[in-house]
There are 2 protein chains.
Amino acid sequence: MPTMTAAQRRDQAKREYDAFLAACPSRRLLDRLSDKWVTLVLAALARGDRRYSELAREIAGVSQKMLTQTLRNMERDGMVTRTVTPTVPVTVDYALTDLGRSLQGVMQHVKDWAEAHIDDIEVAREEYDSRQ
Amino acid sequence: MPTMTAAQRRDQAKREYDAFLAACPSRRLLDRLSDKWVTLVLAALARGDRRYSELAREIAGVSQKMLTQTLRNMERDGMVTRTVTPTVPVTVDYALTDLGRSLQGVMQHVKDWAEAHIDDIEVAREEYDSRQ
DNA sequence: CGGAATCCTGCCTGATACTG
DNA sequence: CAGTATCAGGCAGGATTCCG
């Protein structure tokens, strides 16, 4: 009785795909980096340790929610350390770990590429749009 | 009459922020890369030209919609070329441009980093979670 | 100061169906 | 084969409020 066979095959494929995804290092990192705030936090901390409010000011446009969430995830991933100093009011400092610094070095190349080639992209885009 | 002053200030700040964003090369590129399919398409095409269906098979988990959308955007950005051969049925080949190859070279470093360090991240994460 | 919690909206994405 | 069109839902992310 092959009822639902098509749906079952799809589910099967999906499970295999998920397993494949979970086993692929590149994709797991890409999932992390596709959160663009991660890269911006890395860049900010590369210039030195920062307090929460300093990061919020330096990374224009990030909401408190996203900044907190990003920092939590990065702490969880061993990219940054979080140091609470029980003053009044409390101060919280963030710093890169060795792992974070290592990744930042790689992302720096991406940033350099962006500054060198983003104009080419803009030009290509305008030409594409002008051809309808 | 300072009615709506707070809201107006927010709007003003938002407009300034948008203008700032539009002027920042790194962020514009990050916006593109935060679409993770872009990186995967770059990697696939780096191994040689591909037809649409080949890409769909090679990049497991991408929907037709997202693949088409990603390819369109990348073509618009001058990263890939799209060549239609009017056979029956029609064949469409995608290839990297020089710009695309250049970016792919940079992203290759990211991929290498991922394969070298993703385990460190996993370990850090498990330790973080085990500490509640 | 540095968050946590809540609500709520948009759009991102996948599923499905149709076309040349 | 290589798409386009349409619909639906899920959740990313913003705004707001409250707390230690």
Side-chain angles (χ1 to χ4, degrees), chain A residues 4 6-11 13-15 17-18 21 30-38 40-41 44 49-76 80-95 132, chain B residues 4 6-11 13-15 17-18 21 27 30-38 40-41 49-76 80-95 132:
Chain A
M4 294 283 296
Q8 282 174 353
R9 261 209 303 272
R10 269 202 305 279
D11 284 352
K14 185 163 183 61
R15 253 175 291 123
Y17 161 65
D18 288 343
L21 255 200
L30 276 181
D31 283 344
R32 308 253 95 237
L33 292 182
S34 70
D35 177 1
K36 69 173 178 176
W37 299 120
V38 168
L40 296 171
V41 168
D49 300 359
R50 290 287 188 279
R51 295 179 54 180
Y52 181 88
S53 51
E54 289 174 329
L55 286 174
R57 231 176 303 117
E58 218 161 311
I59 305 176
V62 69
S63 62
Q64 306 90 327
K65 178 178 176 176
M66 289 317 297
L67 182 55
T68 299
Q69 184 176 303
T70 301
L71 287 168
R72 281 287 174 284
N73 284 332
M74 291 175 72
E75 186 195 1
R76 182 166 177 255
V80 303
T81 58
R82 177 172 179 272
T83 311
V84 181
T85 311
T87 50
V88 177
V90 65
T91 46
V92 181
D93 283 276
Y94 291 92
Q132 283 119 3
Chain B
M4 295 284 294
Q8 282 175 353
R9 260 208 305 271
R10 269 201 305 278
D11 284 352
K14 187 165 183 58
R15 253 174 290 127
Y17 161 65
D18 288 342
L21 255 199
R27 296 211 183 179
L30 277 180
D31 283 343
R32 309 253 96 239
L33 292 183
S34 69
D35 177 0
K36 71 173 175 174
W37 299 119
V38 168
L40 296 172
V41 169
D49 301 359
R50 290 288 187 278
R51 295 179 54 181
Y52 181 88
S53 52
E54 290 173 330
L55 286 173
R57 230 176 304 118
E58 219 160 310
I59 304 175
V62 69
S63 62
Q64 308 90 322
K65 178 176 175 178
M66 290 317 297
L67 181 56
T68 299
Q69 184 176 304
T70 301
L71 287 168
R72 282 287 176 284
N73 285 332
M74 291 175 72
E75 186 193 3
R76 182 168 178 254
V80 303
T81 58
R82 177 172 179 271
T83 310
V84 181
T85 310
T87 50
V88 177
V90 66
T91 46
V92 180
D93 283 275
Y94 292 92
Q132 283 118 3

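Order of the sequence lines fixes the chain letters, A, B, ..., with proteins taken first and strands second; residue numbering starts at 1 for each chain. Computed from a prediction, not measured in an experiment: that's the story for all the values here.
Per the geometry, CD belonging to A:Q69 stands 15 Å off P belonging to C:dT6, to the nearest Å. For A:D93 and C:dG3, the CG to C1' distance is 15 Å, given to the nearest whole Å. If you take CE of A:M66 and P of D:dC11, they are 15 Å apart, rounded to a whole angstrom. Between the CH2 atom of B:W37 and the C1' atom of C:dC12 there is a distance of 13 Å, rounded to whole Å. Nucleotide D:dC11 holds its P atom 17 Å from the CG atom of A:D35, rounded to whole Å. Taking atom CG on B:L71 and atom P on D:dA2, their separation rounds to 11 Å, with Å as the unit. In this structure, the CZ atom of A:R72 is 9 Å from the C1' atom of C:dG2, given to the nearest Å. Here the C1' atom of nucleotide C:dG2 and the CG atom of A:L67 are 10 Å apart, to the nearest Å.
The heavy-atom pair separating A:V90 from A:T85 by the smallest distance is CG2-O, 3.4 Å. Annotation for A:A60 and B:R27: closest pair O-NH1, 3.0 Å, computed over non-hydrogen atoms. The two residues B:Y52 and B:Q64 come nearest to each other via the heavy atoms OH-O, 3.2 Å.
Comparing D:dG3, D:dC1, C:dT6 by their nearest atom to the side chain of A:K65 picks out C:dT6. In this structure, the nucleotide among D:dG13, C:dG3, D:dT4 sitting nearest to the side chain of B:T68 is D:dT4. Out of D:dG13, C:dG14, D:dT16, the shortest distance to the side chain of A:Q64 is found at D:dT16.
With A:Y94 as reference, A:R82 is the one residue of A:R51, A:R82, A:E54 to meet the side chain to side chain contact (heavy atoms under 4.5 Å, CB included) rule. With respect to B:V41, the side chain to side chain contact (heavy atoms under 4.5 Å, CB included) criterion is satisfied by exactly one of B:N73, B:L67, B:V62: B:L67.
Residue B:R82 places no side-chain N or O under 4.0 Å from the OP1 or OP2 atom of D:dA2.
Between A:T70 and A:L40 there is no side-chain heavy-atom pair separated by less than 4.5 Å.
In this structure, CG on A:L71 lies 12.0 Å from CH2 on A:W37, to the nearest 0.5 angstrom.
Near DNA chain C, meaning a heavy atom under 4.0 Å away, the residues from residues 49-59 of chain A are A:R51, A:Y52, A:S53.
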